[in-house]
Amino acid sequence: MRNVLRKEMRLSSSILSYLFIPFGLMFLLPGYPVLCGAFFVSLGLFQSFQTAREANDIVFSVLLPTAKSDVVKGKYLFVCLIEGCAFLLMALAVGLRMTVLSQSEAYRNNALMNANFFALGMACVIFGLFNWIFVGGFFKTAYKFGRPFVAFIIACFLVIFTAEALHHIPGLERLNAFGTEDIAVQLIMLTAGILIFLLTTALSYRRSCKRFEKIDI
Amino acid sequence: MVIVEIQDLVKKYPSFELKDISFSLESGRITGFIGRNGAGKTTTIKSMLNMIHPDSGMIRYFNRPFVGNEADIKKRIGYSTGTVSWYPRKKIRDIVDIVKRFYDTWDEASYRKYLDLFSIDEMKTPLELSEGMKVKVNLMLALAHKSEVLILDEPTSGLDPFSRNELLGIFTELRNNGVTVFFSTHIITDIEKCADDIIYISKGRIVAAMSKEDFIRQYSGAGESLEDTILRLEGGAIHA
């Protein structure tokens, strides 16, 4: 498992996947749709799939002494690693905004969505959608990724628009809590987001293994 | 001892069909897989490596089916599929550093030996190599992990006559050390020089699979070279 991940990191990936991880810190930007940070991290991952395709990575990987399912596992491990790193940066930003910066004027007067646990949960949903729609879609052919990426962009921005709009609906203001206000609701939303990420990623991985097994390289 | 066994392999495409491909490879022998372009050599080899899925048939290595034992079997075989360039902008050294970690049997001394023999500069990227040098890099990767079986698709294509001769010499040396070598080619003189057995494929069907001596005895006319024989057979197959 370590070998396939190392191959992904050192041979298959694009430097942009790593450089785009700090977009997770967009969670610190006031007056900005913070979930766009998750989209940019996904965009960085997309670059790795493009680089890998240009380098005949799939054929090379299939010829290594591993099962075909390990090739799929390598891709998912790499994607989850990058998403995990970005998530940690987002969590750090959320932590700062919920504690030392909770009374900051710039954040209190923010017309857009607040970066709290709910936002962090929604970022997990976006990453889960990337794994489900894009990575899963890629393994239909192990070659074509244009359509899956367009589908992901549409789904991603629907999630961003929805998340931004929700707290304006009467009764849902608590989703935009500052600091540790409504912490129970926030934690429930974060847990739900993480569960959605885990479920979509696991199901997508299983489906991709089955699809990839049937592909003629 | 039979080390690789292919039984009744069938793969249908809209415009081409592999029909009931059956043959076996004996341990410690060199087998030349010959056929013209488009005869089905690469499709057969890709099927042997599970890169494409046959509609039916069985592929066994070391008395074990390939499907289900893929990772273990791949560690004991080496393969090279032509001159395709992987990771064109990565240094050969970096690619090798990743590949070797997948093999418990990686032999660094052997790797250095072939690096030197093939005059490969490991600091170069595939983009900086000629087609012939890319073939050599693929071969070096296949040879450096003490494979028991080598499966090579057109390994001599793109090589200059000196390198081809060197390579055929390496095949003979490997065979003498008990390695089974299976290589496809459309260059008949390569088979004449070093193969023990011949598998001749035409239009997706195995025409002959036997020792080189038996092949010559069965198919060659008086004073006819192997090349003349195969050209005559292929001409017959085309006009049939």
Side-chain angles (χ1 to χ4, degrees), chain A residues 1-19 47-78 81 139-144 205 207-217, chain B residues 11-13 42-43 45-55 61 66-106 125-127 134 137-138 141-142 145 147 151 153:
Chain A
M1 196 169 81
R2 212 186 319 164
N3 285 337
V4 287
L5 180 58
R6 188 183 282 120
K7 182 203 73 76
E8 288 300 322
M9 292 176 73
R10 288 187 46 198
L11 291 183
S12 318
S13 63
S14 159
I15 186 76
L16 290 177
S17 294
Y18 301 104
L19 293 179
Q47 297 295 331
S48 277
F49 281 78
Q50 199 162 24
T51 304
R53 188 177 73 172
E54 285 163 9
N56 288 311
D57 168 72
I58 287 290
V59 180
F60 178 86
S61 305
V62 163
L63 290 173
L64 288 169
T66 55
K68 275 178 98 174
S69 59
D70 289 332
V71 177
V72 179
K73 192 184 285 174
K75 290 273 175 232
Y76 275 84
L77 282 174
F78 174 71
L81 179 75
F139 277 109
K140 234 182 202 176
T141 58
Y143 184 76
K144 294 179 183 169
Y205 169 69
R207 189 180 58 165
S208 293
C209 284
K210 282 181 191 163
R211 282 174 168 175
F212 190 53
E213 195 58 51
K214 290 179 191 160
I215 293 173
D216 285 347
I217 306 289
Chain B
K11 177 73 181 176
K12 286 182 186 164
Y13 291 105
T42 298
T43 308
I45 288 178
K46 282 188 168 183
S47 300
M48 289 169 74
L49 300 173
N50 201 26
M51 290 174 76
I52 62 173
H53 299 82
D55 300 326
Y61 290 80
F66 192 61
V67 175
N69 299 291
E70 195 175 340
D72 285 343
I73 288 172
K74 278 181 180 174
K75 283 186 181 173
R76 297 174 66 184
I77 63 178
Y79 30 81
S80 161
T81 52
T83 67
V84 180
S85 170
W86 334 110
Y87 311 112
R89 294 179 193 281
K90 299 280 181 190
K91 287 188 180 118
I92 302 296
R93 185 194 58 183
D94 296 336
I95 298 173
V96 169
D97 188 49
I98 293 295
V99 170
K100 68 183 182 187
R101 292 168 195 272
F102 284 86
Y103 294 98
D104 314 325
T105 51
W106 182 266
T125 66
L127 204 62
K134 284 181 199 168
V137 170
N138 273 336
L141 292 174
H145 63 90
S147 312
I151 297 170
D153 191 9

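Reminder, nothing fancy here: chain letters follow the sequence lines and each chain counts from 1. These numbers come from a predicted model, not from an experiment. All heavy atoms count here, side chains included; hydrogens, waters and symmetry mates do not.
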Arg2(A) side, atom CZ; Arg101(B) side, atom CZ - distance, nearest 0.5 Å: 9.0 Å
Part of Ile98(B) lying under 4.5 Å from any heavy atom of chain A: side chain
Contact class of Lys11(B) relative to chain A, heavy atoms under 4.5 angstrom: side chain
Gap separating the CH2 atom of Trp86(B) from the CG atom of Leu63(A), nearest 0.5 angstrom: 5.5 Å
Greatest number of heavy atom pairs closer than 4.5 Å to chain B - which of Ala52(A), Ser12(A), Ala55(A): Ala55(A)
Heavy-atom closest pair, residues Phe60(A) and Val99(B): CZ-CG2, 3.3 Å
Whether Asp216(A) side chain and His53(B) backbone form a donor-acceptor pair below 3.5 Å: yes
Distance in Å, Leu49(B) CG paired with Ile217(A) CD1, rounded so as to fall on 0.5 Å steps: 11.5 Å
Interface residue of largest heavy-atom contact number with chain B, from Lys214(A), Glu213(A), Arg6(A), under 4.5 Å: Arg6(A)
Residue Tyr13(B) excluded, over 12 heavy atoms near OH under 6.0 Å: yes
For the student: nearest non-hydrogen atoms of Ala67(A) and Ala71(B), plus distance: N-CB, 3.9 Å
Closest non-hydrogen atom pair between Pro65(A) and Lys75(B), with its separation: CB-CG, 3.5 Å
Part of Lys46(B) within contact of chain A (heavy atom distance under 4.5 Å): side chain
More than 12 heavy atoms from other groups under 6.0 Å of NZ on Lys100(B): yes
Toward chain B, the part of Lys68(A) with a non-hydrogen atom under 4.5 Å: both
Between CD1 on residue Ile95(B) and CZ on residue Arg10(A), distance to nearest 0.5 Å: 11.0 Å
Spacing of Ile58(A) atom CD1 and Met51(B) atom CE [to the nearest 0.5 Å]: 11.0 Å
Part of Thr51(A) lying under 4.5 Å from any heavy atom of chain B: neither
Nearest-0.5 Å distance, CG of residue Leu11(A) to OH of residue Tyr87(B): 5.0 Å
Asn50(B) versus chain A, the contacting section by heavy-atom distance below 4.5 Å: both
When Lys90(B), Lys74(B), Glu70(B) are compared by non-hydrogen pairs under 4.5 Å with chain A, the top option: Lys74(B)
